[in-house]
Amino acid sequence: MELYKTNQLKIYNSLSKSKEIFKPIVEGNVGMYVCGPTVYSNVHLGNVRTFMSFDLVFRYLKQLGFKVRYVRNITDAGHLENDADEGEDRIAKKARIEKIEPMEVVQRYTVDFHETLQKINNLPPSIEPTATGHIVEQIEIIKDILAKGMAYEVNGSVYFDVLKYNETEHYGILSGRNIEDSVHNTRELDGQSEKKNPQDFALWKRAEEKHIMRWPSPWGEGFPGWHLECTAMSTKYLGETFDIHGGGMDLKFPHHECEIAQSKVKNKVNPVNYWMHANMLILNGQKMAKSTGNYILPNEIFTGENKILSKAFSPSATRFFMMQAHYRSVLDFSNDALEAAEKGYMKLMEALNNLENIELGLVSSINIGEWKQRCYDAMNDDFNSPVLIANLFEAVKYVNLLLEKKETISAADFETLKNTMNIFVYDVLGLQNNSEENACDKLNGVVEMLIKMRKEARDNRDWALSDKIRDELAVLGIQLKDGKEGTTFSVN
RNA sequence: GGCGUUUUGGCCGAGUGGCUAGGCAGAGGUCUGCAAAACCUCGUACAGCGGUUCGAAUCCGCUAGACGCCUCCA
């Protein structure tokens, strides 16, 4: 039987601001959409945290036996430099600066994005559509919204009429704001805007002469507005209403608010049942962001090449660090915190490696079944990975006590313990065991040490010892090779 | 200025109206030839003030700080 039938999953819904029992539209199936990156620069650790948070969601839903269609877009066009909607396309701007083709920028940073997420062991989504691949769909939505009178065209651009929409719907339902407030509080622009109201957002922007990324449309050549792609792609692949929509907290307003507005006008239904927002990663007391330069790149952590780091940290240690915080909490990044996390992660891995050395008994002195359920309970409670990890450390303690024979475990319980630990550590948290790599490094070190000791023996003309080292290594399949430059070795 | 979130012990971070987070660091002990590891025990907590309650770190109010959004942003 599928686990979701016996485990009641609760998800915090940003829309209702409360934890709700998760019930998918189609039993056993989940449609999930997550706003992906704009590929105009290297993905930083803050971005990674969000995608990792939803990777955890994806992994746990699968663990519960759900069939999940996970859609995450690549924004390769359409994001404007700043609002007032007068800016320049981000991708095009970067391309001009670097004197390369826009799609070259897209390609470079898409590759970087994929490589980084792979290193940190995120599973690829089921579908990863691009904005440029869905221009036609976006134009169709604009036509529809225009036909329904909720948008207007000015000089080859099309804007969504927020105030008109707000007459019958609540623009601000997700972010908890009232349009009236923002009308009063919006800074007066220079009056050059062609929008009826500052709150209106672009569905289509006319391309200026120099603009390289452009597509033909009923309103002339241009490019889509920056909220439209998610509406186009999510509904195309998941339906007019789907189960889960995720993204960073900073996208709640205006991006997700606009998505709701667009969908409600076009399809007359709420697009999403469960809105999930991942919280920010904080560096130096402020959120990581490309625009402010306050960020750290994942590769800098893996190589240790950043002045705030004392050393390099593995992707898994980094992942563990982030999993120790709940996805809806702000997380502070620091070297000390990362070091502490790394030690904990190593301790966990050691226990997993030690599972094989446990001797089985006839009865169990610990309640494994109850422990297992506590692991599921933690994750069922809005994906509470920190509590799950606390439970895994409980298991670490079990393993150590069993090794010291201070507790006993039956064969059946041992299987449960082992399987559950493996499931949660590897499949759900997505951690990887680096011990093989480490062991390899360490073995190399050991052989080098023996070579050094053999050299000392040879220098002392202690041929018996030096030959003994060489021959016994040979028996183990390690051949020493004495050359002019010193001794090397190979493993057969 | 508006909206929202948050404030937990040396550090990172959970959580709940009455009982335990967990990790890292620290102290004592067991074990050990010594050490390490492991195990056991321990400490200093719930921003401040007031209220509700038999009882609040947990609910409410005020004050202070921090953060996020209000402009692209994961």
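Note that these values count all heavy atoms, side chains included, but never hydrogens, waters or copies made by symmetry.
In the set B:rC39, B:rC72, B:rG13, B:rC72 carries the atom at the smallest distance from any side-chain atom of A:Trp226. Of the candidate nucleotides B:rG2, B:rC72, B:rA74, B:rC72 has the atom lying nearest to any side-chain atom of A:Ser291. The listed nucleotides are B:rC73, B:rG68, B:rG2; the one nearest the side chain of A:Ala289 is B:rC73. Of all nucleotides listed (B:rA74, B:rA38, B:rC12), B:rC12 comes nearest to the side chain of A:Ala337. The side chain of A:Asp336 approaches B:rC11 more closely than any other nucleotide in the set B:rU16, B:rC11, B:rA14. Among the nucleotides B:rG23, B:rC70, B:rA25, the one closest to any side-chain atom of A:Lys343 is B:rA25. Distance from the side chain of A:Glu350 is smallest for B:rA37 among the nucleotides B:rA74, B:rA37, B:rG23. Listed candidates were B:rA14, B:rU16, B:rA74. Nearest to the side chain of A:Phe51 is B:rA74. Checked against B:rC67, B:rG2, B:rA74, the side chain of A:Ile282 finds its nearest nucleotide in B:rC67.
Using a 4.0 Å heavy-atom distance criterion, A:Ser53 is classed as making no nucleic acid contact. A:Lys287 comes within 4.0 angstrom of a base, heavy atoms only. Within 4.0 Å of A:Leu403, counting heavy atoms only, lies no atom of the nucleic acid at all. No contact: A:Gly246 has no heavy atom under 4.0 Å from any strand. Nucleic acid contact class of A:Met280 (heavy atoms, under 4.0 Å, all strands): base. Within 4.0 Å (heavy atoms only), A:Ala278 reaches no atom of the nucleic acid at all. Using a 4.0 Å heavy-atom cutoff across all strands shown, A:Glu394 reaches no nucleic acid atom at all.
A donor-acceptor contact under 3.5 Å is formed by the side chain of A:Arg90 with the base of B:rC72.
As a whole-Å value, the separation of A:Leu338 CG from B:rG13 C1' is 14 Å. The interatomic distance linking A:Phe333 (CZ) with B:rC67 (C1') rounds to 19 Å, in whole Å. Atom CG in A:Leu401 sits roughly 13 Å away from atom C1' in B:rU30 (whole-Å rounding). With rounding to whole Å, A:Lys347 atom NZ is found 19 Å from B:rC12 atom P. We find that CG of A:Leu281 is positioned 12 Å from P of B:rG68, with the value rounded to whole Å. For the pair A:His277 NE2 and B:rU5 C1', the interatomic distance rounds to 14 Å; values are reported in whole Å. The CE atom of A:Met379 sits 23 Å away from the P atom of B:rA21 (whole-angstrom rounding). Taking atom CZ on A:Phe253 and atom C1' on B:rC3, their separation rounds to 10 Å, with Å as the unit.
Note on A:Asn400: every side-chain N or O is 4.0 Å or more away from OP1 and OP2 of B:rA38. A sub-4.0 Å separation between OP1 or OP2 of B:rG22 and a side-chain N or O of A:Lys397 is absent. Distances shorter than 4.0 Å separate some side-chain N or O of A:Asn384 from OP1 or OP2 on B:rG15. For the pair A:Lys290 and B:rA74, the criterion of a side-chain N or O lying under 4.0 Å from OP1 or OP2 is met. Listed pair A:Thr292 / B:rC73 fails the phosphate criterion, with no side-chain N or O lying under 4.0 Å from OP1 or OP2.
The cationic atom of A:Lys195 (NZ for Lys, CZ for Arg) does not lie both less than 6.0 Å from the six-membered ring centre of A:Tyr152 and within 45° of the ring axis. Taking the centre and axis of the six-membered ring of A:Phe253, the NZ or CZ atom of A:Arg177 falls inside the cone set by 45° and 6.0 Å.
Comparing B:rU53 with B:rU58, their C1' atoms sit 13 Å apart, to the nearest whole Å. Between B:rG18 and B:rC59, the two C1' atoms lie 14 Å apart (nearest whole Å). Comparing the same atom, C1', in B:rU16 and in B:rC3 gives a spacing of 28 Å after rounding to whole Å. If you take atom C1' in B:rU52 and the same atom in B:rG17, they sit 12 Å apart, rounded to whole Å. Comparing the same atom, C1', in B:rG48 and in B:rU7 gives a spacing of 11 Å after rounding to whole Å. If you take atom C1' in B:rC31 and the same atom in B:rA35, they sit 12 Å apart, rounded to whole Å. Taking atom C1' on both B:rA38 and B:rA45, the two are 28 Å apart, rounded to the nearest angstrom. Nucleotides B:rA56 and B:rU20 are separated by 16 Å at their P atoms, to the nearest Å.
Counted by atom type alone, A:Asp382 and A:Tyr327 present one or more donor-acceptor pairs between their side chains at under 3.5 Å. A donor atom on one side chain and an acceptor atom on the other are not found under 3.5 Å apart for A:His114 and A:Gln118. Between the side chains of A:Asn73 and A:Thr75, at least one donor N or O lies within less than 3.5 Å of an accepting N or O.
Under the 4.0 Å criterion applied to side-chain N and carboxylate O atoms, A:Lys62 and A:Asp427 are not assigned as salt-bridge partners.
Each of A:His326 and A:Gly46 has a nearest nucleotide on RNA chain B; the 5'-most of these lies closest to A:His326. If A:Pro37 and A:Asp332 are placed on RNA chain B by their nearest nucleotide, the residue sitting closer to the 5' end is A:Asp332.
Looking only at distances, no side-chain donor or acceptor of A:Gln8 sits under 3.5 Å from a matching main-chain atom of A:Asn380. At distances below 3.5 Å, at least one donor-acceptor pair connects side-chain atoms of A:His134 with backbone N or O atoms of A:Thr130.
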